[in-house]
Amino acid sequence: MVRVSDVTALIGRIGVGVVFVAHGWQKFTEWGPSGTAQAFEGMGVPLPVVSAWFAALVELVGGALLIAGAALPVAGVLLFVDMLGALIIVHLPNGLLGQGGYELVLALGVAALALGFNGGALTVDRVLRRKTTADA
């Protein structure tokens with residue numbers, strides 16, 4: 001039986017996941033890893049090449065996993081860590097609101113973390129658990 005809370009969690013995962021996928025895709029296709037690293041260096045991000053690859057991969061793959069409901073706790077934590085780094089290193093000095101503010105990274109980070117541990121029943125994780133239990 002599908003519950004309203006499962007449907008709302010799915011909608012939340014899709015919405016938040018799409019934003020992450022779009023940002024990760026942008027880092028790969030629009031700016032490229034080297035352009036992203038160069039931008040990160042200009043923002044004072046430590047290890048800009050490593051950080052650029054981490055952010056791009058976590059946002060793209062983690063966002064897709066969030067949408068699918070696969071490896072949810074891992075995806076949620078990695079996306080949260082990605083946004084926490086962006087908040088502390090880049091956005092915090094700009095305040096909560098306004099140009100370069102941290103409201104978006106804060107909302108995305110905590111939403112990913114919450115959905116990573118409370119993603120509802122409509123998930124790949126749930127299907128795989130059922131299969132493993134049925135095989136046992």
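Below, each value reflects all heavy atoms present in this structure, side chains not excepted, and no hydrogens, waters or symmetry copies.
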Open item on the list: Once ring-ring contact (aromatic ring centres under 6.0 Å, His included) is applied, do any residues pair with Trp25, and if so which ones, sequence neighbours excluded?
Closed with: none
Open item on the list: Listing request: all side-chain hydrogen bond (donor to acceptor under 3.5 Å, both in side chains) pairs with a residue in residues 91-110, at least two apart in sequence or in separate chains.
Closed with: none
TODO: Any pair with a residue in residues 112-122 that passes side-chain hydrogen bond (donor to acceptor under 3.5 Å, both in side chains), sequence neighbours left out, goes on the list, sorted by first then second residue, please.
DONE: none
Listed partners of [X] passing side chain to side chain contact (heavy atoms under 4.5 Å, CB included), at least two apart:
X     : value
Phe28 : Pro33, Trp53, Ala56, Leu57, Leu60
Thr36 : Lys27, Trp31, Phe40, Ala52
Leu79 : Phe20, Val58, Leu66, Ala112
Val50 : Leu47

Hydrophobic cluster membership, with links at side-chain heavy-atom distances under 4.5 Å among I/L/V/M/F/W/Y: are [X] and [Y] in one?
X      : Y     : answer
Val45  : Phe54 : no
Leu96  : Val90 : no
Leu97  : Ile88 : yes
Val81  : Val61 : no
Leu108 : Leu78 : yes

Between [X] and [Y], which heavy-atom pair has the shortest distance, and what is it?
X      : Y     : answer
Ala111 : Val16 : CB-CG2, 3.9 Å
Val105 : Ala86 : CG1-CB, 4.1 Å
Ala75  : Gly62 : CB-O, 4.0 Å
Ser51  : Pro46 : OG-O, 2.7 Å

TODO: Give the C-alpha distance, both sets of side-chain angles, the deciding distance and a yes or no for side-chain contact (heavy atoms from CB on, under 4.5 Å) between Ile89 and Met43.
DONE: CA-CA 8 Å; Ile89 296 167; Met43 292 181 241; over 6 Å; no
- [ ] Evaluate the side-chain contact (heavy atoms from CB on, under 4.5 Å) criterion for residues Leu72 and Leu115: first the C-alpha distance (whole Å), next the side-chain angles of each, then the deciding distance (0.1 Å), finally the verdict.
- [x] CA-CA 8 Å; Leu72 277 177; Leu115 291 166; 5.8 Å; no
Sequence neighbours excluded - salt bridge (charged side-chain N to carboxylate O under 4.0 Å, His left out) pairs with any residue from [range]:
range            : result
residues 110-124 : none
residues 60-77   : none
residues 63-75   : none
residues 7-26    : none

Task: Residues which pass salt bridge (charged side-chain N to carboxylate O under 4.0 Å, His left out) with Arg3, listed by chain and number, not counting sequence neighbours - done: Asp6
- [ ] Report yes if some heavy atom in the side chain of Met83 is under 4.5 Å from a heavy atom in the side chain of Leu87; otherwise report no.
- [x] no
Task: NE2 on His23 to CG on Leu104, rounded to 0.5 Å - done: 6.0 Å
- [ ] Calculate, to the nearest 0.5 Å, the distance between atoms CG and CG belonging to Leu106 and Leu84 respectively.
- [x]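 It comes to 9.5 Å.
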